[in-house]
Amino acid sequence: MNYLAHIFLSGNDDFLKLGNFMADEIKGKSYKTYPREIQKGILLHRAIDDFTDHHPLVSKGAHRFFEELRHYNSVVIDMIYDHILAKRWNEYSDVELTVFAEEFYLLLENNQHLLPQKISKVVPYMIEHNWLLSYSKLEDLKSILKQMNHKTKHETQLHKGVDIYLAHQADFDLEFTGFFEDIRKFCTSKIKQLNQDL
C-alpha cells in the first residue's frame, strides 16, 4: 500500500493519519519519542505493511511484475493498488478525492513540526504536484514511476508496470477488491486494539 491507501485506512483520526504517513522514516523503537496518537499511526502503518506483504492476493498480483521488474515488483504493486483505489474512490469514500487530498495537505502544513526532516522536505513537492490525486491517472502514475527509475540502485524500468497492469487489468481489479475488503476489516480491528493498548 502506498500513501493514499495508508492515509485512507487511518480513518478520521488526523494524528493517526500523520503517524501512518511518516512511518517509513521512523525506525525501530524511536516511534516512542512521538506523542501517543502519532505512535498509533506508526504502528498501524507497520501492521498494514505486514498484512499486505503476506496477503495471497497481493502476492499473486505482484508476481506478474516479477519477470520484468524483479524485486521492485512490490514497489509497483503498491503504486498500482493506490491507482485502483483512486480510480474507484467513490466506492469507498463519501468525501471526494480532491477534497480528501486538500484536507490532508492542510493537515501536513499545520503539523510540519511533527514530521521527520526528510518527510518535511518532501511535503511541498507532494502538495505542488498533488501526489494523492495524480494516482488516479495512469499517465501521471507512469511519469512518477519513470522518475523513480533514477532513484533506484540498479537500472530499472518501473514504468513498464503500467503496461503489465493494463494487460491484466481485470485480474488486478478483482484481486484488489478482495484484498481491500480484508485490509479494511483488519485496520478497523487493529485501530481498536491500538486504542486499548496505548
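Any value given below was found using the heavy atoms of this structure, including those in side chains, with hydrogens, waters and symmetry copies removed. The structure presented is a predicted model; accordingly, all values stated were derived computationally and were not measured.
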| field | ring-ring contact (aromatic ring centres under 6.0 Å, His included) partner of Phe8, the single match among Phe104, Trp89, Phe21 | value | Trp89

| Quick one: does Asp50's side chain have a donor or acceptor within less than 3.5 Å of a partner on Arg46's backbone? | no

| said: Walk me through whether Asp182 and His55 qualify under side chain to side chain donor-acceptor pair (under 3.5 Å). | reply: CA-CA 9 Å; Asp182 289 348; His55 198 287; 2.8 Å; yes

| request: Flag the pair His83 / Val162 as yes when at least one side-chain heavy-atom distance between them is below 4.5 Å, and no otherwise. | output: no

| Quick one: side-chain hydrogen bond (donor to acceptor under 3.5 Å, both in side chains) pairs with a partner in residues 25-34, sequence neighbours left out? | none

| query | For His63, does the NE2 atom have more than 12 heavy-atom neighbours from other residues, nucleotides or ligands under 6.0 Å away? | reply | no

| Neighbour count >12 (heavy atoms, 6.0 Å) for atom CG, Asp197 | yes

| said: Is it the case that the side chain of Ser189 and the backbone of Lys185 share a donor-acceptor pair, with hydrogens and angles ignored and the cut-off at 3.5 Å? | reply: no

| Short side-chain to backbone donor-acceptor contact, Asp171 and Gly61, under 3.5 Å | no

| query | Does the side chain of Met79 reach to within under 4.5 Å of the side chain of Ile144, using non-hydrogen atoms? | reply | yes

| request: Using only heavy-atom distances, determine whether the side chains of Asp49 and His45 contain a donor-acceptor pair under 3.5 Å. | output: yes

| Minimal non-hydrogen separation, Leu97 against Ala86, with atom names | CD2-CB, 3.9 Å

| message | With rounding to the nearest 0.5 angstrom, report the CD1 to CE distance, Ile119 to Met126. | response | 9.0 Å

| said: Assess the residue pair Leu43 and Lys40 against the criterion (side-chain contact (heavy atoms from CB on, under 4.5 Å)); give the C-alpha distance rounded to whole Å, side-chain angles, the decisive distance to 0.1 Å, and a yes or no. | reply: CA-CA 5 Å; Leu43 293 175; Lys40 292 178 188 177; 5.9 Å; no

| message | Does this structure show an ion pair linking Asp173 with Arg88, if we count only N-O contacts that are shorter than 4.0 Å? | response | no

| message | Same cluster or not: Phe66 versus Leu69, using hydrophobic residues (I, L, V, M, F, W, Y) connected whenever any side-chain heavy atoms lie under 4.5 Å apart? | response | no

| task | Show your working on side-chain contact (heavy atoms from CB on, under 4.5 Å) between Asn195 and Ile191 and close with a plain yes or no. | result | CA-CA 6 Å; Asn195 285 335; Ile191 290 169; 3.6 Å; yes

| task | Mind telling me whether His129 and Tyr125 have parallel, tilted or perpendicular rings, with 30° and 60° as the class edges? | result | tilted

| query | Under the 3.5 angstrom rule, does the side chain of Asp13 hit a backbone N or O of Leu16 as a donor-acceptor pair? | reply | yes

| query | Are more than 12 heavy atoms from other residues, nucleotides or ligands located less than 6.0 Å from atom CD of Gln117? | reply | no

| request: State, with a plain yes or no, whether a side-chain heavy atom of Ile77 is found less than 4.5 Å away from one of Asn73. | output: no

| query | Taking side chain as C-beta onward, heavy atoms only, is Leu145 less than 4.5 Å from Lys160? | reply | no

| said: When you measure from the side chain of Thr52 to the backbone of Ile48, do you find a donor-acceptor pair of N or O atoms at a distance under 3.5 Å? | reply: yes

| task | Enter the distance from Phe172:CZ to Thr177:OG1 here, rounded to the nearest 0.5 Å. | result | 13.0 Å

| Between OH of Tyr3 and CG of Leu132, what distance do you get to the nearest 0.5 Å? | 9.5 Å

| message | Which heavy atom of Asn149 sits nearest to which heavy atom of Leu158, and what is that distance? | response | OD1-N, 2.7 Å

| request: On the 0 to 90° scale, with breaks at 30° and 60°, tag the Tyr92-Phe180 ring pair as parallel, tilted or perpendicular. | output: perpendicular

| request: Give a yes or no on whether the backbone of Leu133 and the side-chain of Ser136 come within a donor-acceptor separation of less than 3.5 Å. | output: yes

| message | If hydrophobic clusters are built by linking Ile, Leu, Val, Met, Phe, Trp and Tyr wherever their side-chain heavy atoms come under 4.5 Å apart, do Leu174 and Leu166 end up in the same one? | response | no

| said: Taking the side chain as everything from C-beta on, heavy atoms only, tell me whether Phe100 gets closer than 4.5 Å to Ile7. | reply: yes

| In terms of heavy-atom contacts, does CD of Glu139 have more than 12 from other residues, nucleotides or ligands at under 6.0 Å? | yes

| request: Taking all non-hydrogen atoms of both residues into account, name the closest pair between Ile38 and Met22 and its distance. | output: CG2-SD, 4.1 Å

| query | Do you know which two heavy atoms are closest between Ser10 and Asn20, and how far apart they sit? | reply | OG-ND2, 2.9 Å

| said: Please report the interatomic distance CZ(Phe65) to OG(Ser74), rounded to the nearest 0.5 Å. | reply: 10.5 Å

| field | Chi angles and distances behind the side-chain contact (heavy atoms from CB on, under 4.5 Å) call for Val123, Tyr105 | value | CA-CA 8 Å; Val123 166; Tyr105 298 149; over 6 Å; no

| remark: Ile164 and Arg64 have their tightest heavy-atom pair at CG2-O, 3.8 Å

| said: According to side-chain contact (heavy atoms from CB on, under 4.5 Å), who are the partners of Asn110, at least two apart in sequence or on a separate chain? | reply: Leu106

| field | Cationic N near anionic O, under 4.0 Å, Glu103 to Lys17 | value | no

| Which is it for Leu141 and Asp82 under the side-chain contact (heavy atoms from CB on, under 4.5 Å) test, yes or no, and what are the steps along the way? | CA-CA 10 Å; Leu141 180 58; Asp82 259 23; over 6 Å; no

| request: Rounded to the nearest 0.5 Å, what's the gap from OG1 on Thr188 to CD on Gln193? Could you check? | output: 13.0 Å

| Separation of Asp14 CG from Leu108 CG (nearest 0.5 Å) | 10.0 Å

| Nearest heavy atoms of Asp53 and Ser59, plus distance in Å | O-OG, 4.1 Å

| request: Only one of Trp131, Tyr81, Tyr135 passes side-chain hydrogen bond (donor to acceptor under 3.5 Å, both in side chains) with Asn2; say which it is. | output: Tyr135

